[in-house]
**Q** 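The following block contains the structure, expressed as structure tokens.
Note that these values count all heavy atoms, side chains included, but never hydrogens, waters or copies made by symmetry. In what follows, chains carry the letters A, B, and so on, assigned in the order in which the sequence lines appear, proteins first and then strands, with residues in each chain numbered from 1.
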There are 2 protein chains.
Amino acid sequence: MKQEQNQNIEKLIEMVKDVRVCMLITKEQSTEDFSGRPMTISKIDDDGTLWFFTRISSLKVDEIEESKNVSIAIINERSNNYLMISGSASLENDKVKIKELWSPFLKAWFPLGLDDPDMTLIKVTPSEVNYWDSSSSKMVVLFNMLKAIVTGKEYTEGEHGKIDL
Amino acid sequence: MKQEQNQNIEKLIEMVKDVRVCMLITKEQSTEDFSGRPMTISKIDDDGTLWFFTRISSLKVDEIEESKNVSIAIINERSNNYLMISGSASLENDKVKIKELWSPFLKAWFPLGLDDPDMTLIKVTPSEVNYWDSSSSKMVVLFNMLKAIVTGKEYTEGEHGKIDL
């Protein structure tokens with residue numbers, strides 16, 4: 001269902017493209033509990049891949065090296081978009097890629113700029129996206145109906161849509 | 001350190017009181033991965049306890065019965081507040097409590113009102129609160145300095161404050 005998958009990714013990109021800050025959630029190494037911190041989304045690719053800048057020395061990098069399963073929570077009251085993205089995280093240290101995604105506003109976190117040796121990208125490949133739409137005054141039922149029909153999958157929670165990528 | 005604890009709770013309440021929608025994150029029963037959904041905070045008590053209305057039949061109720069450790073992600077761009085609250089969740093079916101927290105806007109989710117038999121409260125007792133303050137143009141370092149001094153606890157991630165309740 002290539003066409004359907006493209007529609008799903010387009011929907012994801014549409015919901016994410018204006019989002020500045022999300023919560024990136026990893027698993028704590030010791031407790032297996034959740035660990036989250038606000039992160040700026042640097043870019044979402046045409047295939048739905050999400051990119052973040054971070055410090056190599058940060059705790060989240062250790063946590064991702066330990067467990068690549070991460071979640072991204074998005075609460076965008078401005079556009080009434082609420083998303084939970086599950087995916088696989090990896091570190092990307094390629095200097096060409098870092099330079100491609102670099103933006104002057106990142107100097108707030110990396111005053112040394114591209115010369116900072118403690119800089120890496122986190123790449124998140126989404127595997128599942130749950131979203132809620134509340135453009136009406138309440139949360140509305142918004143399935144990806146095509147997906148539901150094609151797969152015959154039942155949605156046990158009635159209030160949201162689920163995109164499998 | 002009773003006084004300090006009170007200050008921490010006051011800080012938490014101040015940051016949460018204007019928040020409408022948060023992401024309530026539970027553990028998926030089968031996979032131990034994260035499961036999240038947007039939830040309206042019905043109330044935060046003077047001691048920091050958070051209250052949510054939900055359906056008894058919802059998946060999150062099963063997940064809480066399985067594992068009481070939950071997290072609450074708050075992204076409030078309006079007030080530049082970013083929080084991750086870890087805590088212990090329990091179900092509260094007391095009709096008096098439900099009536100006390102009931103608000104007419106909940107009819108959007110519970111058209112039957114207080115007579116709906118599929119209604120319960122989720123009570124979350126926070127155990128740890130991480131927050132970030134970005135009232136300046138960038139994320140700023142905001143420790144709970146008193147706590148750091150009192151406990152001698154080291155903060156390995158420099159960009160945020162941590163409230164232990």
**Q** How about residues 62-77 of chain B versus chain A: which residues have heavy atoms under 4.5 Å apart?
**A** B/Asn69, B/Val70, B/Ser71, B/Ala73, B/Ile74, B/Ile75, B/Glu77
**Q** Among B/Leu12, B/Asp47, B/Val16, which residue satisfies the side-chain contact (heavy atoms from CB on, under 4.5 Å) criterion with B/Pro126?
**A** B/Leu12
**Q** Only counting residues at least two apart or in another chain, list the ones meeting side-chain contact (heavy atoms from CB on, under 4.5 Å) with B/Leu101.
**A** B/Lys43, B/Trp51, B/Phe53, B/Lys97, B/Leu121
**Q** Can we call the ring centroids of B/Tyr82 and B/Tyr131 under 6.0 Å apart?
**A** no
**Q** side-chain contact (heavy atoms from CB on, under 4.5 Å) with B/Asp46: which residues, sequence neighbours excluded?
**A** none
**Q** Scan side-chain atoms only and decide if A/Thr120 and A/Arg55 contain a donor-acceptor pair under the 3.5 Å cut-off.
**A** no
**Q** Among residues at least two apart in sequence or on other chains, which ones pass side-chain contact (heavy atoms from CB on, under 4.5 Å) with B/Asp115?
**A** none
